[in-house]
Amino acid sequence: MEKIRVRFAPSPTGYLHIGNARTALFNWLFARHYGGTFILRIEDTDTERHVDQAEGLIIQDLQWMGLDWDEGPDKGGPHGPYRQSDRLGIYQSYAQKLMEVGRAYHCYCTPEELETSRQKMLALGQTPRYDGRCLHLSSEQKKELEKEGRQPSVRFRTLGDPVLVNDLIRGEVSFEGQTIGDFIILRSDGRAAYNFAVVIDDIKMEITHVLRGEDHLSNTPRQVLIYQALGFDPPKFGHMPMILGPDRTRLSKRHGATSVISYREKGYLPEAINNYLALLGWSSPDEEEILPREKLVQNFTTDRISRSAAIFDLTKLNWMNGHYIREADPDRITNLCIPFLQEKGYLGVSPETVPRLREIVTSVQTKMSYLSQVTEHVDIYFEEDLSVENDSQSWLEMPESIAVIQALQEVIEDSTEQDLSDGHGLIKRVQKKSAQKGKNLYMPIRIALTGRTTGPELVSILSILGRDRCLRRIAHVLSLEKS
RNA sequence: GUCCCCAUCGUCUAGCCCGGUCAAGGACAUCGCCCUUUCACGGCGGUAACGGGGGUUCGAAUCCCCCUGGGGACGCCA
């Protein structure tokens, strides 16, 4: 069997988008499953939309996701260069070849002229397509147009025959030849247009499989035509279902966070992003949903990619991320939470000055869907002035509760710091002293220490807070009662 | 408008290719119960879907056609 070679070809116009991330992931999984080669190629022929930092950001995101490539602009390889802007000469020589065999020609139309003709056809209810007016220009006419200052672009010449695309996911798809107009392969400034550059690159880089979004399906016949005109076999195509927003339109900024980096910054784990994205348009043959990356690699085949578009469901991502957080090593989670705690000002000058940081974070590890939520849960350890919430208030109106809190105060006063780390023993003593048990015992303690009816386990709170802060809070709550 | 793709619970999906084992399975969400000093986690259970209409067939979620609905493409963007 031939060695599989696939590529991910982003254009550096911004952050790595969730949809592109899934494309990258599927290609990577496919390559790794079959022991093939995964190539990163930068499609930067669009100088207008080019963003300087974008390539680096995209590379960072891919690395964060753990999608490593075997050939690419940063590491080279036998089929480089891997940036389209460095390959312009290659495209031009192939365009020249097409001109020589009569499958491409100069077009002198201006973008404005093309736009008006497009509008006209649209108004007539026709498929907008180039009318071929420059195909039969004589050399005199060309000279005239060039005198006007027009720089020609190069158009591929279509023949009107239907085009068959054999798609791994969709099966045979046929396109009417008449609906495909002659399209531009080289712009008037000499840069290659997308449909041309991809084909040339995929040929030169010996790409065997092209897995991409369904939005590219209707481009495919154009590309197939180029392969045929050049005498090459097209690679195998697989057009993956789109990812849509909750309103069933293409996922975009107005649906909220759509860049990988925004999820990273909110504290999503790469394994959760990978796992969730894998399930958008693909399912495992064993029907499992929690799939670590090795399992993903092992189970991934294109025949289990679905055909219908999928809606990006943040709720399920949150569940899955929460799952991976719970499963993760506490030290790792602690480290990942530090930036959020610092930003909130909880860590002072340096994380090391906060004792028991690990216990603090792990005491709330089961409660988070994403790591930035850590601050909402650990405020009880850091905020000095804790207000008493409404539903806690009614507990404080009961004399029994106050008695428990007073008992707690006395017990802690008689305790050492060491005793505080043995919360069970300490609470037992409060129980004896106050003669309360169950909720009536624990709720007042919780409220005295945190001002709330919900939170981490009491024993963690006791030991994390320590003797002094416990006493301060108890005194505070009791003083509220008296006033 | 034209071309192309798609159509199973609210959402992601299994099943469809090779029709009967599907009174349609799982997951998220939701509801209830249990566990539990609280919340969360976890466990158990419930509600919930084959878009519509025609065929073919003894039998259709599965095959065919039409309709409807959704998406994509139609650029000197990728």
Side-chain angles (χ1 to χ4, degrees), chain A residues 9-11 13 20 43-46 48-49 84 107 109-111 114-115 118 121-130 151-155 165 167 169-171 173-176 178-181 183-195 197-198 212-222 239 241-242 244 246 248-250 276 279-285 287-290 303-304 306-320 322-323 326 364-368 377 427 437-447 450 452-459:
Chain A
S11 50
T13 53
N20 288 131
E43 309 218 320
D44 57 350
T45 54
D46 185 353
E48 285 86 48
R49 291 204 305 153
Q84 289 188 333
C107 170
C109 301
T110 64
L114 294 169
E115 182 57 26
R118 197 169 14 249
M121 299 188 82
L122 224 36
L124 286 167
Q126 293 171 316
T127 303
R129 56 189 277 274
Y130 184 61
Q151 284 286 320
S153 59
V154 178
R155 274 188 195 270
V165 175
D167 193 277
I169 297 161
R170 283 154 217 281
V173 185
S174 77
F175 294 84
E176 296 177 19
Q178 291 88 335
T179 59
I180 306 168
F183 53 93
I184 286 176
I185 56 178
L186 237 47
R187 297 181 257 220
S188 48
D189 62 3
R191 285 142 61 212
Y194 166 77
N195 276 311
V198 209
R212 43 149 70 148
E214 199 202 317
D215 47 339
H216 289 282
L217 184 54
S218 27
N219 278 322
T220 309
R222 282 173 246 278
H239 288 92
M242 300 266 84
L244 308 177
R248 300 207 139 274
T249 65
R250 201 196 179 108
Y276 178 69
L279 259 23
L280 242 33
W282 175 82
S283 62
S284 182
E287 295 205 40
E288 293 294 320
E289 300 214 322
I290 296 291
D303 58 322
R304 297 200 60 88
S306 69
R307 280 168 296 272
S308 47
I311 292 173
F312 185 81
D313 182 13
L314 185 59
T315 312
K316 187 157 182 175
L317 204 213
N318 282 342
W319 163 76
M320 188 168 279
H323 168 86
R326 274 166 244 131
V364 300
Q365 195 166 344
T366 61
K367 298 176 199 295
M368 298 183 280
H377 293 110
I427 291 169
K437 57 177 182 175
K439 260 188 172 167
N440 292 334
L441 170 68
Y442 288 92
M443 263 314 169
I445 297 179
R446 175 175 295 283
I447 291 161
T450 70
R452 290 183 202 158
T453 55
T454 66
E457 283 184 43
L458 270 186
V459 286

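Because only heavy atoms are used, hydrogens play no part in the values below, and waters and symmetry mates are left out as well, while side chains stay in. For clarity, every value in this text was computed on a predicted model and none was experimentally measured.
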What interatomic distance, in whole Å, is found between [atom1] of [M] and the corresponding atom of [N]?
N     : M     : atom1 : result
B:G26 : B:C67 : C1'   : 33 Å
B:A24 : B:C5  : P     : 32 Å
B:U47 : B:C31 : P     : 16 Å
B:G25 : B:A14 : C1'   : 6 Å
B:C34 : B:G71 : C1'   : 44 Å
B:A48 : B:C9  : P     : 14 Å
B:G70 : B:U57 : P     : 35 Å
B:U2  : B:U62 : P     : 28 Å

Pairing check on [N]: which nucleotide meets the Watson-Crick or G-U wobble criteria with it, both distances under 3.5 Å?
N     : value
B:C44 : B:G32
B:A7  : B:U68
B:C22 : none
B:U38 : none
B:G1  : B:C74
B:A61 : none
B:C17 : none

Taking [atom1] from [X] and [atom2] from [N], how many angstroms apart are they, rounded to a whole number?
X        : N     : atom1 : atom2 : result
A:Ile185 : B:A78 : CD1   : P     : 14 Å
A:Arg187 : B:C76 : CZ    : P     : 9 Å
A:Glu115 : B:C74 : CD    : P     : 13 Å
A:His239 : B:G71 : NE2   : P     : 20 Å
A:Met320 : B:C41 : CE    : C1'   : 17 Å
A:His323 : B:G42 : NE2   : P     : 9 Å
A:Leu114 : B:C74 : CG    : P     : 14 Å
A:Leu244 : B:G72 : CG    : C1'   : 10 Å

Would you say [X]'s side chain and [Y]'s backbone share a donor-acceptor pair under 3.5 angstrom?
X        : Y        : value
A:Tyr276 : A:Phe312 : no
A:Arg118 : A:Pro128 : no
A:Arg446 : A:Pro456 : yes
A:Arg170 : A:Arg307 : yes
A:Thr450 : A:Arg452 : yes

Please list, pair by pair, any protein nitrogen or oxygen found under 3.5 Å from a nitrogen or oxygen in nucleotides 4-13 of chain B.
residue : atom : partner  : partner atom : Å
B:C5    : O2'  : A:Arg170 : NH1          : 2.5
B:C5    : O2'  : A:Glu214 : OE2          : 3.2
B:C12   : OP1  : A:Ile311 : N            : 3.0
B:C12   : O2'  : A:Leu279 : O            : 2.9
B:U13   : OP1  : A:Gly281 : N            : 2.8

Exercise. More than 12 heavy atoms of other residues, nucleotides or ligands under 6.0 Å from CD of A:Glu115: is that the case?
Worked result: yes
Give one of base, sugar-phosphate or nothing for [X], where a contact means two heavy atoms less than 4.0 Å apart.
X        : value
A:Arg129 : nothing
A:Cys109 : base
A:Asn219 : base
A:His216 : base

For the atom pair [atom1] ([X]) and [atom2] ([Y]), what is the distance rounded to the nearest 0.5 Å?
X        : Y        : atom1 : atom2 : value
A:Leu279 : A:Glu289 : CG    : CD    : 5.0 Å
A:Tyr130 : A:Leu114 : OH    : CG    : 6.5 Å
A:Tyr194 : A:Asp46  : OH    : CG    : 13.0 Å
A:Leu280 : A:Met242 : CG    : CE    : 11.5 Å
A:Ile184 : A:Asn195 : CD1   : CG    : 11.5 Å

For this session: Respond yes when some side-chain nitrogen or oxygen of A:Thr45 is under 4.0 Å from OP1 or OP2 of B:A78, and no when none is.
Result: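 Looking at the OP1 and OP2 atoms of B:A78, one of them is under 4.0 Å from a side-chain N or O of A:Thr45.
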Problem set entry | Phosphate OP1/OP2 of B:A73 contacted by A:Arg250 side-chain N/O (<4.0 Å) | yes
Give me, pair by pair, the N or O atoms of the protein and of nucleotides 36-38 of chain B that are less than 3.5 Å apart, along with how far apart they are.
residue : atom : partner  : partner atom : Å
B:U38   : O2'  : A:Thr453 : O            : 2.7
B:U38   : O2   : A:Gly455 : N            : 2.8
B:U38   : O2   : A:Gly455 : O            : 3.0
B:U38   : N3   : A:Arg446 : NH2          : 3.0
B:U38   : N3   : A:Gly455 : O            : 2.8

Problem set entry | N/O donor-acceptor pair, side chain A:Ser11 with base B:A78, under 3.5 angstrom |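 It does not, because no donor-acceptor pair links the side chain of A:Ser11 to the base of B:A78 below 3.5 Å.
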For this session: Establish whether the base of B:G25 is bridged to the side chain of A:Glu287 by a donor-acceptor pair shorter than 3.5 Å.
Result: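 Result: at least one qualifying N/O pair found.
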For this session: Let me see the working for A:Thr453 and A:Ile447 under side chain to side chain contact (heavy atoms under 4.5 Å, CB included), right down to the final yes or no.
Result: CA-CA 6 Å; A:Thr453 55; A:Ile447 291 161; 4.2 Å; yes
